[in-house]
K.L.:
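Starting off with a structure, shown below.
Below, each value reflects all heavy atoms present in this structure, side chains not excepted, and no hydrogens, waters or symmetry copies. Every chain is numbered from 1, with letters handed out A, B, ... down the list of sequences.
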Amino acid sequence: KAGVTQTPRYLIKTRGQQVTLSCSPISGHRSVSWYQQTPGQGLQFLFEYFSETQRNKGNFPGRFSGRQFSNSRSEMNVSTLELGDSALYLCASSLGAGDAGELFFGEGSRLTVL
Amino acid sequence: EDKVVQSPLSLVVHEGDTVTLNCSYEVTNFRSLLWYKQEKKAPTFLFMLTSSGIEKKSGRLSSILDKKELFSILNITATQTGDSAIYLCAVVGWGAQKLVFGQGTRLTINP
């Protein structure tokens, strides 16, 4: 079965712009999580959605937001981009009925902010 | 605050060597510890450990958890160049919907 699909794979933006990233989970998975990966900070949790509801949010500013649709697809948005937002954004899905467990990751969206 | 520390951060060995990667953690209401391998982009799942002292094994890879001392190790025997990757350790607590990751160990296997 198809894995987690993220689009776009690569994008370049300038400071002050906004960006929207998309994630399609594995069929049947209802939980979608987003993580930011940078060389300095490693993988950091952004937020998690289950059945269109945000269940948990990491320590990121309000410029980072997300949502989940009824088909479990998810989007995250970053507004007023800063240089420090350059990172690999990873989406992960799981069945999600309970606590976080084995997550299946997508290939990521590599964002470069100039 | 939940925390995961991995060591070493970087390791270079020759093909055929055996390596041990370390992961120590602090987490509220520990539920599971997970190991992932990240080669290019997507981390891929290796093991999930919940019980102390029970070794999980998959081919040349094995892992064990010590809940009393709050650490886990990942062993790779007879390493191959294809084992070169970043190995990530993560923990999750009961009632949490997020994994807390360590910085990762970058393993390089030279032929």
K.L.:
What's the spacing between Y35(A) OH and K98(B) NZ if we round to 0.5 Å?
P.N.:
8.5 Å
K.L.:
Take atom CZ of R9(A) as the centre, draw a 6.0 Å sphere, and report whether it contains more than 12 heavy atoms from other residues, nucleotides or ligands.
P.N.:
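Yes - once you tally the heavy atoms of other residues, nucleotides and ligands closer than 6.0 Å, there are more than 12.
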K.L.:
More than 12 foreign heavy atoms under 6.0 Å from NZ of K3(B): is that the case here?
P.N.:
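Counting neighbours around NZ of K3(B), 12 or fewer heavy atoms of other residues, nucleotides or ligands fall under 6.0 Å, so no.
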K.L.:
Using the rule that two of Ile, Leu, Val, Met, Phe, Trp, Tyr join whenever any of their side-chain heavy atoms come within less than 4.5 Å, decide whether L11(B) and I73(B) are in one cluster.
P.N.:
no
K.L.:
Please report the shortest heavy-atom distance between Q38(B) and L90(A), naming the atom on each side.
P.N.:
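Nearest pair, atom of Q38(B) first, then L90(A): NE2-CD1, 4.2 Å.
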K.L.:
Measuring from atom CZ of F101(B) to atom CD of Q41(A), what distance do you get when rounded to the nearest 0.5 angstrom?
P.N.:
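If I round to the nearest 0.5 Å, the distance is 15.0 Å.
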K.L.:
Below 6.0 angstrom between ring centroids: does that apply to F105(A) and F45(B)?
P.N.:
no
K.L.:
Other residues, nucleotides and ligands only: do more than 12 of their heavy atoms fall within 6.0 Å of CG on N59(A)?
P.N.:
no
K.L.:
Please confirm whether the backbone N or O of L103(A) pairs with a side-chain atom of Y36(B), one donor and one acceptor, at under 3.5 Å?
P.N.:
yes
K.L.:
What heavy-atom pair brings G106(A) and A42(B) nearest, and what distance separates the two atoms?
P.N.:
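Looking at all heavy atoms of both residues, the shortest contact is O-CB, 3.1 Å.
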K.L.:
Please say yes or no: joined through hydrophobic side-chain contacts below 4.5 Å, possibly via intermediate residues, are Y89(A) and F47(A) part of one cluster?
P.N.:
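In one cluster with Y89(A): F47(A), yes.
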K.L.:
Any donor-acceptor pair under 3.5 Å linking the side chain of Q103(B) with the backbone of G40(A)?
P.N.:
yes
K.L.:
By a 4.5 Å heavy-atom criterion (distance strictly below it), what part of I86(B) contacts chain A: side chain, backbone, both, or neither?
P.N.:
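Neither part.
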K.L.:
Less than 4.5 Å to any heavy atom of chain B: does that hold for the side chain of Q37(A), its backbone, both, or neither?
P.N.:
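Answer is side chain: those atoms of Q37(A) sit under 4.5 Å from chain B.
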K.L.:
Same cluster or not: L99(B) versus W35(B), using hydrophobic residues (I, L, V, M, F, W, Y) connected whenever any side-chain heavy atoms lie under 4.5 Å apart?
P.N.:
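Cluster IDs for L99(B) and W35(B) differ.
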K.L.:
Same cluster for L70(B) and L21(B) if Ile/Leu/Val/Met/Phe/Trp/Tyr side chains link at under 4.5 Å?
P.N.:
yes
